[in-house]
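What follows is a short report on a single structure.
Naming: A, B, ... by sequence-line order, numbering from 1 per chain. Predicted model, so just to flag it, every value in this text is computed and none were measured. No hydrogens, no waters, no symmetry mates; every other heavy atom, side chains included, goes into these values.
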Amino acid sequence: MAALLEAIAIRKTYPGGTLANDGVDLSVQSGKVHAVVGENGAGKSTLMKILFGIEKPDAGELRLEGNAIAFANPREAIDAGIGMVFQHFSLVPSFTVYENVVLGSEPKSGIRFDREKAIAEVRALSERFRLNVDPLTPVEQLPVGQQQRVEILKALYRNARILILDEPTAVLAPQEVAELFVAVRSLVEQGRTVIFIAHKLPEVLEISDRITVMRGGRTVGEVETKSVTEQSLATMMVGREVSLRVERGQTAGALACEIKALKLVGDNGATIAEDLNLRVHSGEIVGLVGVEGNGQAELLEAVAGLRPVAEGAIYLDGADMLPLSVLERRGKGLSNIPEDRIAQGLATGSSVAENLVATRLDDARFVRRGLLDLKAIRENAVSLIERFSIRVGGPNSAVGTLSGGNMQKVVVARELSEEPKLLLVNQPTRGVDLGATQFIWKSITDARDAGAAVLLSSADLGELLALADRLVVFYRGRIVAAFVNSEALNAETLGTYMLGLETQEADTMRSALR
Amino acid sequence: MIELLMTVFSATFFVTVIRTATPLIFATLGGLISDLSGALNVALEGMMLIAALTAVIVSVYAPWYVAVLSGVLAGALLGALMAFFHLKMKADIILVGFAVNILAAGGTVFALSQATGGDKGTSINLTSKAVPAVDLPFLEAIPVVGPTLDRLLSGHSILSWLAALTVFAVWYFLYRTPHGLWLRGVGEYPAAPEAAGIPVNKVRAWSLVASGALAGIGGAQLAMFNYIGFTRDMTAGRGFIALGAVLLGARHPVGAMLAALLFGVFEALSIVMPNLFNWIPGELIQTIPFAVTILALILFSYRSQRARQLKTLSKI
């Protein structure tokens with residue numbers, strides 16, 4: 001059977017000199033789910049941007065139904081029947097579902113926007129493709145999973161025959177993933193073609209018919225899903241045997257941090273989290289599990305001193321932390337690897353060396369009589385770059401010029417360079433490639449083995465299950481379940497609690513909360 | 001006090017309110033459109049001022065409607081100028097707006113002295129025309145209520161009737177046409193319309209042009225009906241009051257009109273009060289509209305904060 005969409009020997013070099021695609025081939029059959037897998041930085045996103053007309057290839061050819069095509073912009077790709085759902089949704093928050101779907105191609109009667117027709121069309125589409133969502137709800141009131149359906153509807157409304165989903169499961173809870181897959185299957189049954197970008201292999205194996213594997217800007221192979229296993233696929237992706245297994249903590253030590261009856265309130269007066277009770281011991285990693293927005297991130301901010309506490313108390317080594325400023329808390333042995341390295345973790349315009357001492361400007365080693373000791377700062381940077389194998393031109397390179405993984409390593413290096421007593425970590429490996437992930441995980445477990453108490457939050461359940469010694473589940477601002485990590489614990493179990501489908505018995509929870 | 005109440009509840013006072021509110025309604029609608037498109041037009045003040053002078057000078061040589069149109073055109077051109085600097089040259093919209101305001105403050109005085117042969121204060125020696133008032137004598141024939149209706153509805157500027165129509169037209173455009181949907185989408189979250197292939201910058205540019213045109217009619221009404229002729233700085237902060245009225249009117253055309261009418265009431269008060277209370281310094285009375293603007297905005301922001309709190313509470 002001839003391919004519906006083909007990319008042949010695509011090459012793309014970015015102005016910075018990065019060779020993102022070099023000899024990439026892709027051949028997508030009509031009516032199939034075609035997965036494209038690869039590590040971050042393998043060139044998947046670039047290839048998709050080329051297919052969707054956002055980027056133009058330097059060399060190579062695109063063919064749609066055998067005819068050579070070239071898109072100058074996304075509009076032309078849309079007109080040719082290609083739709084794309086990005087990881088970051090582009091929806092107008094206060095608009096209703098149907099307004100968002102038809103925006104830009106509204107049905108009209110005269111000069112009037114024909115709302116009734118728009119609603120009817122959106123409703124028909126959502127029923128036909130089993131993308132269940134109420135057309136009249138404003139999208140800001142919808143959970144992420146349903147917002148994603150709105151994005152898919154947008155593409156379908158514009159008659160997309162080929163739908164590109166860019167890491168669609170990254171933002172979803174396991175149950176929402178299952179619902180997405182129902183919709184994807186229904187799309188394919190009705191003759192649409194889906195290109196599925198992903199790096200979570202079990203999901204890829206479940207949903208796809210064929211898989212193209214990319215590594216380092218090249219296609220390394222195209223396989224039938226039936227003929228591969230997770231391990232063989234991972235080996236193809238990385239080019240060597242990988243094991244992302246980490247050693248569990250041996251012994252949990254003394255109580256380090258205690259959070260008592262904590263209540264957090266947002267700027268608008270709404271309760272974000274309440275009745276949080278949590279004890280973290282030295283030498284253990286406690287994972288905070290939950291769909292984003294259920295209070296985990298806010299808890300970490302409150303402990304770090306970045307968010308006011310409405311009620312309750314936080315103790316570190318028995319001392320009350322609440323009256324202390326951020327810097328004073330750091331002085332007591334707290335370290336923080338924040339969620340957003342660019343907005344919160346780093347000053348991207350400053351050099352690597354400056355960023356590495358930014359939290360220690362009252363340290364006599366780096367500042368003497370109010371003046372920076374540039375020599376000491378530089379030496380500190382050189383040694384940390386070496387120790388954390390940060391790939392950078394030199395200590396004076398601006399942090400903003402680094403890749404995501406290396407930026408994150410700068411944050412990790414700064415926060416772990418002195419042995420912390422309490423380490424807060426949020427999304428440590430988001431947008432970081434597999435190699436750097438391995439390194440960052442190792443750094444976190446090393447800190448734990450050196451006696452740090454670690455609070456870890458991540459959207460990646462795999463990461464939490466791999467690293468944490470204990471896990472607590474957040475739902476609507478409360479801790480609803482707690483587990484001691486074991487082989488038996490899996491993402492599905494956590495998922496039922498994350499979505500509030502099940503509640504744990506008080507005794508079970510208390511024993512795991514220690 | 002009784003005298004004040006009698007004045008306030010007279011038909012003449014109502015007519016004064018409509019007169020003072022008309023330029024504000026136009027300016028507020030202009031502010032609303034630009035605000036909703038995400039390019040806040042802080043130059044309403046300067047646009048009104050330039051449009052007022054343009055209309056006055058043109059009216060010396062041409063019929064009143066040509067003069068009004070020239071004011072509209074002047075405002076629209078200034079809007080296009082702002083669009084060029086903000087969207088093409090990537091200048092900050094607030095700075096561009098203030099540049100227009102400063103240009104207007106100085107430029108109108110200069111142009112005025114050129115046109116009048118040296119007078120830098122008023123256009124008193126130019127024979128400028130007025131926008132005609134609409135009389136509705138047939139209303140008097142209606143039994144019982146006829147005379148009152150006539151006194152309430154007669155004698156308004158043609159542009160006041162246009163203002164009422166424009167409120168409806170702007171509402172219809174924003175909430176009933178596809179382009180209105182585009183405009184609101186562009187203002188709230190530009191990435192979404194952009195992804196849908198809507199030319200975001202074009203939408204914003206046209207919003208600024210429309211915003212300028214509306215401010216232009218407001219300026220023409222001010223110098224060709226409220227006052228006949230141009231005086232330096234005659235807009236006296238109305239462009240800024242209009243920006244306040246946009247927020248106070250909850251960013252909705254009807255709300256914007258009500259807010260503009262409210263400010264019109266206080267401006268009318270500041271016109272009638274000096275005759276009744278000659279012991280209060282006139283300057284103090286003239287500050288009423290501005291003091292009310294500030295008070296109203298404080299109250300509004302307090303209330304909307306409360307509303308937001310209640311909304312989030314009820315959601316949980």
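A distance of 10.0 Å separates OH of B:Y175 from CZ of A:R115, quoted to the nearest 0.5 Å. Rounding to the nearest 0.5 Å gives a distance of 8.5 Å between CD1 of B:I198 and CZ of A:R75. Atom CG of B:L181 is separated from atom CZ of A:F113 by 5.0 Å, given to the nearest 0.5 angstrom. B:W182 CH2 to A:L103 CG: the interatomic distance, rounded to the nearest 0.5 Å, is 8.0 Å.
Between B:Y189 and A:S90, the shortest heavy-atom contact is CE2-CA, 3.7 Å.
Under the 4.5 Å side-chain criterion, counting only non-hydrogen atoms from C-beta, A:E99 is in contact with B:R184.
The most heavy-atom pairs under 4.5 Å with chain B, out of A:I78, A:N73, A:I111, A:V102, come from A:I111. Top candidate by heavy-atom pairs under 4.5 Å with chain A, chosen from B:P178, B:A196, B:G197, B:G185, is B:P178.
Atom CG of A:N132 has 12 or fewer neighbouring heavy atoms from other residues, nucleotides or ligands inside a 6.0 Å radius. Crowding of B:W206 atom CH2: a count of heavy atoms from other residues, nucleotides or ligands under 6.0 Å not exceeding 12.
Only the side chain of B:Y172 comes within less than 4.5 Å of a heavy atom of chain A; its backbone N, CA, C and O stay farther away. With a 4.5 angstrom heavy-atom cutoff, A:F89 touches chain B only via backbone atoms. Heavy atoms closer than 4.5 Å to chain B are found in both the backbone and the side chain of A:R112.
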Criterion side chain to side chain donor-acceptor pair (under 3.5 Å) on A:S94 and B:E188, from CA distance to verdict
CA-CA 8 Å; A:S94 78; B:E188 187 176 339; 2.5 Å; yes
